[in-house]
Amino acid sequence: MAGTTLAAMALPNDTDPKLAEYAHPERLVTTGWLAEHLGDEGLAVVESDEDVLLYETGHIPGAVKVDWHTELNDPVTRDYVDGARFAEIMGERGITRDTTIVVYGDKNNWWAAYALWVFSLFGHADVRLLDGGRAKWADEGREMTTDAPKIDAVDYPVVERDDSKIRAFKDDVVAHLGSPMVDVRSPQEYSGEKLHMPDYPQEGAVRGGHIPGAASVPWARAAADDATFKSRAELEAIYQDEQGLKPSDDVVAYCRIGERSSHTWFVLTHLLGFDTVRNYDGSWTEWGNAVRVPIVQGSERGSA
Amino acid sequence: MSLPPQLAELVDDFSAVGPKDRLQMLLELSRELPDLPERFADRAESMEQVHECQSPLFLAVEVGDGGERPVHLFFSAPPEAPTTRGFASIMYTGLDGEPAATVLDVPDDFYTDLGLGEAVSPLRLRGIAAMLARIKNQVRAATG
C-alpha cells in the first residue's frame with residue numbers, strides 16, 4: 001500500500017493436502033485459503049477472464065481486473081507489453097514487486113493461467129492461481145461484489161521481460177522439431193478437420209493440422225468437473241503414462257494463440273515439476289500461416 | 001444503405017463516449033436483453049448457435065407475414081457471458097421490429113462505428129459480425 005515503506009512479506013503457502021501433492025504447491029491456493037486471507041497486507045487478487053465484462057458483473061471483494069486482450073498485449077506489434085507498460089499496469093493496481101498475487105478467472109482458469117504466464121515472463125516472484133477459479137468461488141456461495149476496489153497506486157519497477165526461458169518463438173520450434181511437444185487444441189483442430197467446416201473462418205489460418213510429432217492433449221483434460229486441477233496422480237496418468245512425457249524433457253506447448261497452452265504450461269511446470277517447458281504463443285495462427293513449415297494432418301503424431 | 005433509427009442511435013451513443021464508458025454501456029445493454037419467451041423454452045434445438053461467439057449464444061429469427069415483413073429476434077446466452085449478451089442486446093435494440101428489407105440493408109461492418117475494437121478487442125468483435133450475418137441469412141431464407 002502507498003505510504004508504507006516496508007516491503008510486505010509474502011503470504012504463507014496454502015497447506016491444503018491436495019495441493020501438497022503437486023511439485024510446486026506454493027503456486028496454488030484454495031478458495032478457503034483465499035477467503036481467509038482476503039484483505040491481508042501484501043496480497044493482490046487479480047481476475048482475468050475470457051469475457052471482458054464478467055468482472056463488472058461481480059467479482060471477489062477487493063479483486064482488480066487485468067484483461068489480456070486489451071491490456072497485456074501490445075496494441076500494435078504481435079507481442080506482449082514492454083516493461084514500462086507492465087510496470088504501469090501493476091502499479092496502478094496497487095501491486096508491488098513483493099506482492100503475493102492470486103489470479104483467478106472463468107473457464108477453468110484458462111485466461112487466468114495466461115495472465116500468470118505473462119506475469120512470469122516479467123519475473124514476478126510470487127504469483128499463484130486460485131484452484132477452481134471464479135466458478136468454484138461462486139458455486140460455494142462466497143461473497144462477490146460490484147464495488148470497485150479502493151486502490152492506491154504504487155511504484156512497480158520497470159523490469160525487462162525475459163522471453164528466453166518459458167516462451168518459444170517459431171524459429172525455436174523449428175529447431176525443436178523431433179523433441180516433445182504438446183498440442184492442447186481440440187482433436188478437430190489437431191487433425192486439421194476444423195478449418196474445413198463451412199462458414200467458420202474463425203481459425204484465421206490457411207492450413208489445418210498440427211506440428212509434426214506433437215502429442216494431442218486438449219488443455220481442459222487437466223481440469224476436474226468443479227474447475228479445479230485434477231490430482232497429481234490423475235495428471236501424471238495423462239501426461240506421463242499415457243503420452244510418455246518425462247519431467248526431464250524439454251517440452252513446447254502450443255494452441256491457437258498461446259492462451260490454452262499457458263494452462264498446460266502451468267500444469268507441466270508447477271503441478272508436475274517439469275524442468276523445461278516453453279509456451280509457443282505464436283501457436284497455430286502463426287504456424288498454420290507460415291510458408292514451408294512442416295504440418296501433419298490426421299490424428300497421428302507423425303514426425304518431422 | 002442506412003441504419004434503422006434505434007441502431008443509428010446506439011451507434012451515436014457509443015461513438016460519443018470513450019472506451020471505458022463504451023464498456024459500461026455494453027454492460028448495461030447486457031442486463032437489458034429480454035429473457036427468452038416461454039414458447040422457446042422447450043425447443044432450444046430449433047435455435048441457431050452462433051459459433052463465432054466465445055460463449056454459447058443461440059438465436060431465433062421470426063419474420064411476420066404482414067405488410068413490411070417485420071423481423072423479430074430472440075436470443076439465449078448465459079449470465080456468465082455478459083459481452084455476448086451485450087452484443088445480442090445491440091441487435092435486439094437496434095433491429096427488432098424492423099422491416100426485413102431494412103435489416104438486410106444494414107451494412108455488414110456497421111459495428112466498426114460502435115468503436116468497441118479498443119474497449120473489447122477486435123478478436124472479440126467477431127461475434128457481433130457473425131450474429132448479423134446469421135440474422136440476415138435467416139431473414140433471406142424466410143423472405144426469399
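Residue numbering restarts at 1 for every chain, and letters A, B, ... go by the order of the sequence lines.
- With a 6.0 Å cutoff to the six-membered ring centre and a 45° limit on the axis angle, B:Arg39 counts as a cation-pi contact of B:Phe74.
- Within the 4.5 angstrom heavy-atom criterion, only side-chain atoms of A:Asp67, from C-beta onward, approach chain B.
- Of the atoms belonging to B:Ala133, not a single heavy atom falls under 4.5 Å from chain A.
- A side-chain donor-acceptor contact under 3.5 Å links A:His263 to the backbone of A:Asn108.
- Here the closest non-hydrogen pair linking A:Thr146 and A:Glu56 is CG2-O, 3.7 Å.
- Remark: the A:Ser261 side chain and the A:Asn279 side chain contain an N/O donor-acceptor pair separated by less than 3.5 Å.
- The contact between B:Arg31 and chain A is made entirely by side chain atoms (from C-beta outward), counting heavy-atom distances below 4.5 Å.
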